[in-house]
Enquirer: 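Can you keep this structure in mind? I'll have questions shortly.
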Amino acid sequence: MKCTWREGNHIQLLENGDNYYPALYDAIDHAQHRVILETFIWFEDNVGRQLQQVLLRAARRGINIEVLLDGYGSPDLSEAFVNELTTAGVVFRYYDPRPRLLGMRTNLFRRMHRKIVVIDNTVAFVGGINYSAEHLTSYGPEAKQDYAVRVEGPIVEDILQFELENLPDNAPVKRWWQRRRHRPEENRTPGEAQALFIWRDNNDNRDDIERHYLKMLANARREVIIANAYFFPGYRLLHAMRNAARRGVSVKLIVQGEPDMPIVKVGAELLYNYLLTGGVQVYEYRRRPLHGKVALMDDHWATVGSSNLDPLSLSLNLEANLIIHDRKFNQTLRDNLHAIIREDCVRVDESMAPKRTWWNLGKSIVVFHFLRHFPAMAGWLPAHTPQLAQVKPPIQPEIETQDRAETEHSGVKP
């Protein structure tokens with residue numbers, strides 16, 4: 001399928017699990033026919049159990065529910081936890097579950113990293129928020145800063161159609177010679193409340209999300225803000241950021257200053273000199289780990305989704321973003337990011353960048369060659385066709401038959 005720009009949508013920004021979970025649970029409680037939910041991480045903590053109970057309520061009302069989890073991101077849900085859902089009628093699948101080797105997970109590449117929920121054909125959620133307590137601000141210093149959107153309107157039909165086509169046996173089989181790259185879908189009649197659903201897969205849509213970022217940077221006239229948790233993009237995107245800054249565009253980049261994985265900051269720091277000398281303003285978010293994947297341009301364009309700007313998201317993972325053209329939404333996101341920059345970020349200067357030594361110069365050369373060629377290199381990695389493994393409901397005892405047998409054995413008439 002190919003999505004186009006849709007007009008007449010209502011789009012709401014949701015910050016962190018504090019706003020996201022209540023909105024999602026309320027929408028599921030009002031479902032009439034169908035709920036499709038897919039996510040990278042679902043933990044069996046207080047948030048995970050709340051989601052389980054919400055889905056159980058819906059299933060017991062007769063709602064058709066289908067869940068897809070990533071086999072790498074969500075390997076530890078207990079059998080009892082999952083059985084409660086499947087017993088209630090929830091169709092529960094894992095994307096590419098694989099056995100551990102020497103205690104290590106082996107399905108490292110080509111993860112299902114999307115976070116999408118569609119309720120009927122009326123409401124959808126797209127973003128970067130998983131289902132775990134660490135997405136609540138009450139979790140403490142390790143709580144993640146993240147975003148999602150709640151959408152109503154014609155764009156929901158596109159998201160639903162995408163989900164239906166990706167159910168088992170529905171996706172069309174394409175050979176390698178049938179694959180083609182898409183140009184970014186242009187908004188030929190810019191207006192308000194417009195949205196475009198885009199995704200990254202390992203078939204026709206391998207670089208769709210990256211191409212929209214590149215197009216946005218080329219079109220920017222006044223301001224660009226990119227807030228991205230795992231920032232280690234390809235050379236083209238780095239070059240486009242510098243080009244925009246050199247044209248006089250205020251280009252601001254927010255990255256993790258308190259990363260959940262130390263290697264993330266090490267990778268980003270290798271790019272600081274290149275970005276700073278090109279005029280890009282770099283900010284480290286220091287309040288807690290940043291998990292968001294959002295960006296805005298000028299006064300209309302914005303995006304929220306699951307895609308980081310790193311090799312995994314841009315070259316291997318299955319991702320999904322919503323592109324939004326709306327002045328009010330853009331301003332809401334801008335106010336949020338400006339507040340973060342003002343209150344919770346430290347601006348990076350040359351003293352914080354790696355020193356310009358021969359050793360660091362050599363590392364930078366290696367890094368830039370890697371960033372130039374990684375997308376092609378990723379295609380050389382051992383590939384397989386990921387499987388969707390459905391969890392079958394447990395066999396239920398025939399309670400009525402057992403009760404009848406016990407009654408007859410006791411000599412009491414049923």
Enquirer: Is the closest side-chain heavy-atom distance between L214 and L237 below 4.5 Å?
Expert: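 The answer is yes, as the side chains (C-beta and beyond) meet within the 4.5 Å cut-off.
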
Enquirer: Checking the side chain of H33 only, and the main-chain atoms of I63 only, is there a donor and an acceptor separated by less than 3.5 Å?
Expert: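 Such a contact is absent between H33 side chain and I63 backbone.
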
Enquirer: Kindly write out the residues that satisfy side chain to side chain contact (heavy atoms under 4.5 Å, CB included) with T86, not counting sequence neighbours, or none if the list is empty.
Expert: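 For T86 the side chain to side chain contact (heavy atoms under 4.5 Å, CB included) partners, ignoring immediate neighbours, are V82, N83, F92, V391, P393, P394.
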
Enquirer: Surrounding CD of E79 (heavy atoms of other residues, nucleotides or ligands, distance under 6.0 Å), is the total greater than 12?
Expert: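 At most 12 heavy atoms, drawn from other residues, nucleotides or ligands, come within 6.0 Å of this atom.
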
Enquirer: Might you point out which heavy atoms bring L322 and V126 nearest each other, and give the distance in Å?
Expert: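 Shortest heavy-atom separation between L322 and V126 comes out as N-CG1, 4.2 Å.
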
Enquirer: So, taking the atom named CD in Q12 and the one named OG1 in T332, what distance separates them when rounded to the nearest 0.5 Å?
Expert: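 Rounded to the nearest 0.5 Å, the CD-OG1 separation comes out at 9.5 Å.
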
Enquirer: With rounding to the nearest 0.5 angstrom, report the CZ to CE distance, R334 to M297.
Expert: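 Atom-to-atom, R334:CZ and M297:CE are 10.5 Å apart.
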
Enquirer: Hey, does the side chain of H325 reach the backbone of G191 with a donor-acceptor pair shorter than 3.5 angstrom?
Expert: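 Such a contact is found between H325 side chain and G191 backbone.
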
Enquirer: Tell me whether Q256 contacts the main-chain N or O of A229 through its side chain, where contact means a donor paired with an acceptor under 3.5 Å.
Expert: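 Yes; at least one donor-acceptor contact below 3.5 Å.
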
Enquirer: Is there a donor-acceptor contact under 3.5 Å from the side chain of R200 to the main chain of S315?
Expert: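 Yes, R200 side chain to S315 backbone: donor-acceptor pair under 3.5 Å.
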
Enquirer: When rounded to the nearest 0.5 angstrom, what distance separates CG in N228 from CG in L290?
Expert: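 Taking CG in N228 and CG in L290, the distance rounds to 7.5 Å.
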
Enquirer: Could you check if a side-chain atom of H338 sits within less than 4.5 angstrom of a side-chain atom of I225, using non-hydrogen atoms only?
Expert: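 Answer yes - side chains close enough.
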
Enquirer: Are R57 and D29 side-chain neighbours, meaning at least one heavy-atom pair lies under 4.5 Å?
Expert: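 Counting from C-beta outward, R57 and D29 do come under 4.5 Å.
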
Enquirer: Walk me through it: do R236 and E210 pass the test salt bridge (charged side-chain N to carboxylate O under 4.0 Å, His left out)?
Expert: CA-CA 9 Å; R236 291 189 304 170; E210 183 180 17; 3.4 Å; yes

Enquirer: Answer yes or no: is there a side-chain heavy-atom contact under 4.5 Å between Y213 and D207?
Expert: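 Sidechains of D207 and Y213: no contact.
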
Enquirer: Side chains of L164 and F162, heavy atoms from C-beta outward: is any pair under 4.5 Å?
Expert: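 Side-chain contact under 4.5 Å: no.
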
Enquirer: Mind jotting down which residue pairs meet the salt bridge (Lys or Arg N to Asp or Glu O under 4.0 Å) criterion with at least one end in residues 299-314? Sequence neighbours excluded, please.
Expert: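 Every salt bridge (Lys or Arg N to Asp or Glu O under 4.0 Å) pair that includes a residue of residues 299-314, provided the two are not neighbours, is R222-D299, D299-R327.
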
Enquirer: Under the side chain to side chain contact (heavy atoms under 4.5 Å, CB included) criterion, do E284 and Y272 qualify, and how do the steps go?
Expert: CA-CA 11 Å; E284 290 185 351; Y272 283 175; 2.8 Å; yes

Enquirer: Take E7 and E192, measure what side chain to side chain contact (heavy atoms under 4.5 Å, CB included) needs, and give me the verdict at the end.
Expert: CA-CA 7 Å; E7 299 184 359; E192 303 294 335; over 6 Å; no

Enquirer: Hey, can you tell me if H135 and H291 have their rings parallel, tilted or perpendicular (30° and 60° cut-offs)?
Expert: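 H135 vs H291 ring planes: perpendicular.
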
Enquirer: As a quick check of understanding, evaluate side chain to side chain donor-acceptor pair (under 3.5 Å) for N336 and Y147, giving each step before the final call.
Expert: CA-CA 11 Å; N336 183 285; Y147 301 90; 2.5 Å; yes

Enquirer: Under 3.5 Å, is there a donor-acceptor pair linking the side chains of T122 and E152?
Expert: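 No - no donor-acceptor pair under 3.5 Å links their side chains.
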
Enquirer: Report the distance from atom CD1 of I11 to atom CD1 of I324, rounding to the nearest 0.5 Å.
Expert: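 Reported value, rounded in 0.5 Å steps: 5.0 Å.
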
Enquirer: Side-chain contact, heavy-atom cut-off 4.5 Å: F40 with R114?
Expert: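 Not touching, per the 4.5 Å side-chain cut-off.
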
Enquirer: Indicate yes or no: at least one non-hydrogen side-chain atom of Q53 is less than 4.5 angstrom from one of Y25.
Expert: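 Not touching, per the 4.5 Å side-chain cut-off.
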
Enquirer: Under 3.5 Å, is there a donor-acceptor pair linking the side chains of N321 and T303?
Expert: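 Side chains of N321 and T303: pair found under 3.5 Å.
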
Enquirer: Identify, with sequence neighbours excluded, every residue that meets side chain to side chain contact (heavy atoms under 4.5 Å, CB included) alongside N16.
Expert: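 Only D18, T137, Q145, D146, R288 meet the side chain to side chain contact (heavy atoms under 4.5 Å, CB included) criterion with N16.
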
Enquirer: Start with the C-alpha gap between E185 and K2, add the side-chain angles, then the distance that decides, and say whether salt bridge (charged side-chain N to carboxylate O under 4.0 Å, His left out) holds.
Expert: CA-CA 9 Å; E185 184 71 17; K2 182 179 180 181; 3.6 Å; yes

Enquirer: Work out which heavy atom in L56 is nearest to a heavy atom in A88; give both atom names and the distance.
Expert: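 So the two residues come closest at CD2-CB, 3.6 Å.
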
Enquirer: Ignoring hydrogens and angles, tell me if any N or O in the side chain of K328 forms a donor-acceptor pair with the backbone of D326 under 3.5 Å.
Expert: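 Side chain of K328 to backbone of D326, a donor-acceptor pair under 3.5 Å: no, none is there.
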
Enquirer: How long is the span from the CG atom in L55 to the CG atom in L85, to the nearest 0.5 Å?
Expert: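 Separation between the atoms: 6.5 Å.
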
Enquirer: How close do A59 and I65 get, heavy atom to heavy atom, and via which atoms?
Expert: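 So the minimum-distance heavy-atom pair works out to N-CD1, 3.6 Å.
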
Enquirer: Can you list everything that forms a ring pair (Phe, Tyr, Trp, His ring centres under 6.0 Å) with F125? Sequence neighbours excluded, please.
Expert: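 Here the qualifying residues are Y20.
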
Enquirer: Show the numbers, then the answer: is there a side chain to side chain contact (heavy atoms under 4.5 Å, CB included) between I254 and F231?
Expert: CA-CA 9 Å; I254 306 173; F231 184 81; over 6 Å; no

Enquirer: Return yes if some donor-acceptor pair links the side-chain N/O of N130 with the main-chain N/O of I41 below 3.5 Å, else return no.
Expert: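 Pair found, side chain donor or acceptor close to backbone of I41.
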
Enquirer: Tell me every residue that passes side chain to side chain donor-acceptor pair (under 3.5 Å) with Y94, counting only those two or more places apart in sequence or in another chain.
Expert: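 Side chain to side chain donor-acceptor pair (under 3.5 Å) list for Y94, sorted by chain: empty.
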
Enquirer: Does any non-hydrogen side-chain atom of I119 lie less than 4.5 Å from one of I28?
Expert: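 Yes. Closest side-chain heavy atoms under 4.5 Å.
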
Enquirer: Taking W42 for its side chain and S74 for its backbone only, find out whether a donor-acceptor pair lies under 3.5 Å.
Expert: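 Judged by distance alone, no pair lies under 3.5 Å.
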
Enquirer: Is it the case that D335 and Q331 place a side-chain donor and acceptor less than 3.5 Å from each other?
Expert: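 Short answer, yes.
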
Enquirer: Nearest 0.5 angstrom please: S132 OG to F43 CZ, how far?
Expert: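 It is 5.5 Å, given to the nearest 0.5 Å.
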
Enquirer: E38 and D70: side chain to side chain contact (heavy atoms under 4.5 Å, CB included), yes or no, with the steps?
Expert: CA-CA 8 Å; E38 56 183 29; D70 183 72; over 6 Å; no

Enquirer: Would you mind telling me which of K293, H113, R111 makes a side chain to side chain donor-acceptor pair (under 3.5 Å) with E319?
Expert: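 One option only clears the test, and that one is H113.
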
Enquirer: Grab the two heavy atoms, one from R61 and one from A31, that are nearest each other, plus how far apart they are.
Expert: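 In this case the closest contact between R61 and A31 is NH1-O, 3.1 Å.
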
Enquirer: Under the criterion salt bridge (charged side-chain N to carboxylate O under 4.0 Å, His left out), I'd like the reasoning laid out for R49 against E44: C-alpha separation, chi angles, the key distance, then a yes or no.
Expert: CA-CA 6 Å; R49 287 189 290 272; E44 199 170 332; 5.5 Å; no

Enquirer: Identify the heavy atoms of A133 and V47 that sit nearest to each other, and give their distance.
Expert: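 Reported closest heavy-atom pair: CA-CG2, 3.7 Å.
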
Enquirer: Is there a donor in the side chain of E157 and an acceptor in the side chain of N121, or the other way round, less than 3.5 Å apart?
Expert: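 Per modelled atom types, E157 and N121 side chains form a pair under 3.5 Å.
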
Enquirer: Any idea which heavy atoms bring D26 and H30 closest together, and the distance?
Expert: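 Nearest heavy atoms, D26 then H30: O-ND1, 2.8 Å.
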
Enquirer: Do any pairs count as a salt bridge (Lys or Arg N to Asp or Glu O under 4.0 Å) and have a residue in residues 238-253, sequence neighbours left out, and if so which ones?
Expert: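 Salt bridge (Lys or Arg N to Asp or Glu O under 4.0 Å) check on residues 238-253 returns E223-K252.
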
Enquirer: Going through the checks in order, is the salt bridge (charged side-chain N to carboxylate O under 4.0 Å, His left out) test met by D158 and R6?
Expert: CA-CA 9 Å; D158 286 351; R6 302 292 187 184; 2.9 Å; yes

Enquirer: Please check this pair: side chain of N9 against backbone of Q194, looking for a donor-acceptor N/O pair closer than 3.5 Å.
Expert: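 No, because the side chain of N9 does not come within donor-acceptor range (under 3.5 Å) of the backbone of Q194.
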
Enquirer: With no hydrogens and no angle check, is any side-chain donor or acceptor of N205 less than 3.5 Å from a backbone partner on D208?
Expert: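 No, the answer is negative, given that no donor and acceptor are paired below the 3.5 Å cut-off.
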
